[in-house]
Amino acid sequence: MSDNYLLSRYRKTRRIPKGRELFSLIFSRKAPYFGTVRPLIAELRPNYCEVHIKKRKAVENHIGTVHVIAICNALEAAMGAMAEASIPKHLRWIPKGMDVRYTAKASSNIVATAEVDADAWENGPDLPVTVTARRDDGTVVVAGTIHLWVTEKPARDA
């Protein structure tokens with residue numbers, strides 16, 4: 001998987017000062033809605049991604065906690081980066097659904113993770129990706145699954 005374009009860019013930008021911030025900004029421009037939560041891709045490797053978001057006024061709800069939709073946005077960003085960094089070259093993916101449970105108040109910064117088994121990448125209608133969001137103290141605030149549809153890439157005309 002060393003020739004994966006996203007992993008290669010991530011590793012290159014990590015070598016420079018503020019590289020993770022730069023990579024995260026570029027990644028957010030690919031899917032601009034991710035930028036609303038200002039995700040920081042803290043760790044990216046095949047089949048795993050960790051995204052940090054800060055608790056700030058723009059992502060808070062009426063009770064002063066991080067809004068669950070902002071958390072779901074961070075979870076989808078983590079899943080998207082993980083999927084792009086992991087999927088075999090002959091396959092493509094698209095999200096088809098998200099099942100989440102709100103388990104505690106999100107009263108601090110959030111760490112969102114997405115993870116899948118390495119052998120799970122195959123053509124099929126449902127690839128479940130485990131997603132979790134935690135507070136600074138480690139308490140799980142959102143847990144769930146994002147379901148992906150994985151298909152073969154169409155043949156390219158020569």
Side-chain angles (χ1 to χ4, degrees), residues 1-16 18-54 59 66-103 106 109-135 138 140-158:
M1 192 71 52
S2 62
D3 60 345
N4 179 278
Y5 80 96
L6 194 65
L7 281 174
S8 175
R9 288 180 183 152
Y10 177 73
R11 290 174 181 144
K12 283 179 185 175
T13 56
R14 287 218 42 191
R15 292 185 215 138
I16 62 174
K18 298 279 188 182
R20 285 191 307 182
E21 291 83 350
L22 177 62
F23 177 84
S24 299
L25 180 64
I26 293 167
F27 177 78
S28 292
R29 288 184 172 266
K30 193 74 170 161
Y33 186 68
F34 291 155
T36 63
V37 296
R38 297 183 187 162
L40 174 68
I41 299 178
E43 185 175 350
L44 179 62
R45 61 180 192 264
N47 308 306
Y48 181 84
C49 183
E50 179 179 302
V51 170
H52 296 194
I53 64 169
K54 291 188 180 201
V59 296
V66 180
H67 196 286
V68 73
I69 298 304
I71 294 171
C72 287
N73 190 355
L75 290 170
E76 191 166 355
M79 177 280 303
M82 180 279 304
E84 279 300 304
S86 307
I87 194 164
K89 285 186 172 194
H90 69 286
L91 298 175
R92 62 185 178 174
W93 63 273
I94 188 165
K96 68 178 223 177
M98 177 186 277
D99 300 313
V100 293
R101 295 173 310 286
Y102 314 155
T103 56
N109 296 335
I110 300 296
V111 175
T113 60
E115 191 165 17
V116 71
D117 290 334
D119 61 353
W121 293 103
E122 57 184 47
N123 190 0
D126 189 45
L127 171 65
V129 177
T130 302
V131 292
T132 308
R134 289 182 167 76
R135 292 191 308 224
V140 174
V141 297
V142 176
T145 305
I146 297 177
H147 301 275
L148 303 182
W149 197 300
V150 178
T151 60
E152 298 278 337
K153 286 183 180 174
R156 297 182 83 160
D157 292 335

Between the CH2 atom in W93 and the CG atom in N123, the distance rounded to the nearest 0.5 Å is 16.0 Å
Q) Under 3.5 Å, is there a donor-acceptor pair between the side chain of S86 and the main chain of A83? A) no
When rounded to the nearest 0.5 Å, the distance separating OG1 of T130 from CE of M79 is 12.5 Å
Taken to the nearest 0.5 Å, the spacing of S24 OG from R38 CZ works out to 13.0 Å
*asked:* Checking the side chain of T145 only, and the main-chain atoms of P128 only, is there a donor and an acceptor separated by less than 3.5 Å?
replied: no
Heavy atoms of other groups near R92 CZ, more than 12 under 6.0 Å: yes
task: Using the side-chain contact (heavy atoms from CB on, under 4.5 Å) rule, take L91 and E152 through it: C-alpha gap first, then chi angles, then the decisive distance, then the call.
output: CA-CA 4 Å; L91 298 175; E152 298 278 337; 3.8 Å; yes
Hits for ring pair (Phe, Tyr, Trp, His ring centres under 6.0 Å) against Y48, two or more places apart or cross-chain, chain-then-number order -> none
Between A78 and A112, the two heavy atoms sitting closest are CB-O, 4.1 Å
Smallest heavy-atom separation, V131 atom then A114 atom, equals CG1-CB, 4.0 Å
> With a cut-off of 6.0 Å (strictly less than), are more than 12 heavy atoms of other residues, nucleotides or ligands near NZ of K153?
Replying inline: yes
What one should report as the nearest heavy-atom pair of K96 and D126 is CE-OD1, 3.9 Å
Salt bridge (charged side-chain N to carboxylate O under 4.0 Å, His left out) filter on R9, not counting sequence neighbours, yields none
For L6 and E84, the nearest pair of non-hydrogen atoms, with its separation, is CD2-CB, 3.6 Å
What one should report as the nearest heavy-atom pair of W121 and P88 is CB-CD, 3.5 Å
- Message: With a 6.0 Å cut-off (strictly less than), is the heavy-atom count around CD1 of I94, excluding the residue itself, greater than 12?
- Response: no
Donor-acceptor under 3.5 Å (N109 side chain, H52 main chain): no
Exercise. Where do R20 and I41 land on the side-chain contact (heavy atoms from CB on, under 4.5 Å) test, with the steps shown first?
Worked result: CA-CA 6 Å; R20 285 191 307 182; I41 299 178; over 6 Å; no
What one should report as the nearest heavy-atom pair of R14 and A42 is NH1-O, 4.0 Å
message = Can you classify the ring geometry of F34 versus F27 as parallel (below 30°), tilted (30 to 60°) or perpendicular (above 60°)?
response = parallel
One should read off an interatomic distance between D99 CG and I146 CD1, to the nearest 0.5 angstrom, of 9.5 Å
Taken to the nearest 0.5 Å, the spacing of E21 CD from T13 OG1 works out to 9.5 Å
Value for CD (E50) from CE (M82), rounded to nearest 0.5 Å, stands at 14.0 Å
